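Below is one structure; the comments refer to it alone.
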Amino acid sequence: MSSDKDSCSFSIGDTAQEKGLPYVPQRYVVSPSNRSSLNPEKAQVPTIDMARLRQNDDEIRSMAIKELGDICRHGGFFQVVNHGICQSILDEALSVASGFFNLPTEEKMKLSSNDVYKPVRYGTSLKDGVDEVQFWRVFLKHYAYPLDAWIDSWPENPLDYREKMGKYSTEVRKLAMELMRKITKSLGLGPNYLGQKMEDGMQVMAVNCYPPCPEPDIALGLPPHSDYTCLTIVLQNAPGLEILDTNDHGQWKLVPDYRGALQVHIGDHFEVLSNGLCKSVVHRAILNSERTRISIASLHSLGMDDKVGPAEELVDDEQHPKKYKESSFRDFLDFLAANDIGATKISFIESLKL
Ligand code: OGA
Ligand code: NI
């Protein structure tokens, strides 16, 4: 049963999930309405075949772009196949991520921080020791673009971490850029709408580790949230990502795990840019009692201080008034620093609504 007998363990390096406690302390227990099912319904995730999006044949390509646009307007969640990133690059990224989390605590603690502005940081939960409810997660976040600017501050161990994670980061960013161009095209804004701002945009890798949880139905790995990004691409080694299916009365659905496929979702900044035509995807991470789950979320946004507002082309005074105020990645970090996201009182996207 849950217990709070170790409620003194409040800090990174000494949390229940890092120690592998055989019970769930009280401060991880989420409210009954937020608990997950041990046997969740599977999500029907639409598939985007990159081979079709890359077709020379105009007709096939146009059809694929139209399908992508429809998906972005209805759900905003899809999996990508035929993306061209080798399976070995995906496997090795997951493997070095796992290798990092298996290091002794002292080694990982060199990078530990609760400061959300740090470009490289190891942490637990969301902001451990600060937030009201804690989450059964351990993570490493690091900026990844331009790679040369950041790679020297990534973990030194495992010895091949930088090389392998660097390779994946570079490949997945190319894919994200390509998808973002296709999405702005499908919204009628053209493939170069974000132009240089997108080329100079930020990439943050959120490398997540969810150790086995002795009572997976009463705690969560990550609470319901949407990402601040334009686009997020998730690579995982086991199922555990759930999306709130807005096409089915807001049911939580588990994203099935197909080897080689990458999971993509629309973030807050695309919702804003599209003036609400696309909605950012609300998602969470659930737990299991058997194995450690690793996920790598690659988060793509514009530059730190580049403001994203609704595209003028999608705003008119009569039928489509401007629905959101402008914001940047830095504005999101300010929001994250000031708010307890896990308590879900207000989300970043809500704070932007006019
Ligand atoms: C995230 C995230 C999902 C997962 O890091 O923002 O939503 O499955 N991760 O770990
Ligand atoms: Ni997320």
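Since the model is a prediction, treat every value here as computed from it, not as a measurement. Atoms within each ligand, like the ligands themselves, are counted from 1 in listed order.
Neither side chain, Y23 nor E215, offers a donor N or O lying under 3.5 Å from an acceptor on the other. Side chain to side chain, S328 and D331 meet the donor-acceptor criterion of an N or O pair below 3.5 Å. For the residue pair R137 and Q17, no side-chain donor N or O sits within less than 3.5 Å of a side-chain acceptor on the partner. No hydrogens or angles considered: a donor-acceptor pair under 3.5 Å links the side chains of D227 and H283.
Seen from the ring of F139, K141 counts as a face-on cation partner, given the 6.0 Å and 45° thresholds. Judged by a 6.0 Å distance limit and a 45° cone about the ring axis, R173 is positioned over the six-membered ring of Y145.
If you look at T232 next to ligand 1, there are no close heavy atoms at all, none under 4.0 Å. Counting heavy atoms closer than 4.0 Å to ligand 1, residue Q263 contributes nothing at all. Counting heavy atoms closer than 4.0 Å to ligand 1, residue L222 contributes side-chain atoms (C-beta onward) but none from N, CA, C or O. The part of Y210 lying near ligand 1 is the side chain, judged by heavy-atom distances below 4.0 Å. Contact annotation for H283 and ligand 1: only side-chain heavy atoms (C-beta onward) come within less than 4.0 Å of the ligand.
Tested against L273, the residues I266, L194, L314, L302 include a single side chain to side chain contact (heavy atoms under 4.5 Å, CB included) partner, L194.
In this pair, F332 and Y228 present their aromatic rings parallel. The plane angle is below 30°, not in the 30 to 60° band.
Protein atoms that are N, O or S and lie under 2.8 Å from the Ni ion (ligand 2) are these: H225 NE2, D227 OD1, H283 NE2.
Contact atoms of ligand 1 toward L241: 3 (C), 8 (O) (distance under 4.0 Å to a heavy atom of the residue).
An N or O contact shorter than 3.5 Å is missing between R137 and ligand 1 by distance. Residue H225 has at least one nitrogen or oxygen atom sitting less than 3.5 Å from a nitrogen or oxygen atom of ligand 1, judged on distance alone.
Legend: residues meeting ring-ring contact (aromatic ring centres under 6.0 Å, His included) with F77, ordered by chain and number and at least two apart, are H265.
Of all heavy-atom pairs between L231 and A176, the closest is CD2-O, 3.8 Å.
Ionic pairing of K66 and D70 is present here: one or more N-O contacts between side-chain nitrogen and carboxylate oxygen are shorter than 4.0 angstrom.
Among protein heavy atoms, atom 8 (O) of ligand 1 sits closest to R293 NH2, 2.7 Å. The single protein non-hydrogen atom nearest to atom 5 (O) of ligand 1 is N208 ND2, 3.1 Å, given as residue, atom name and distance.
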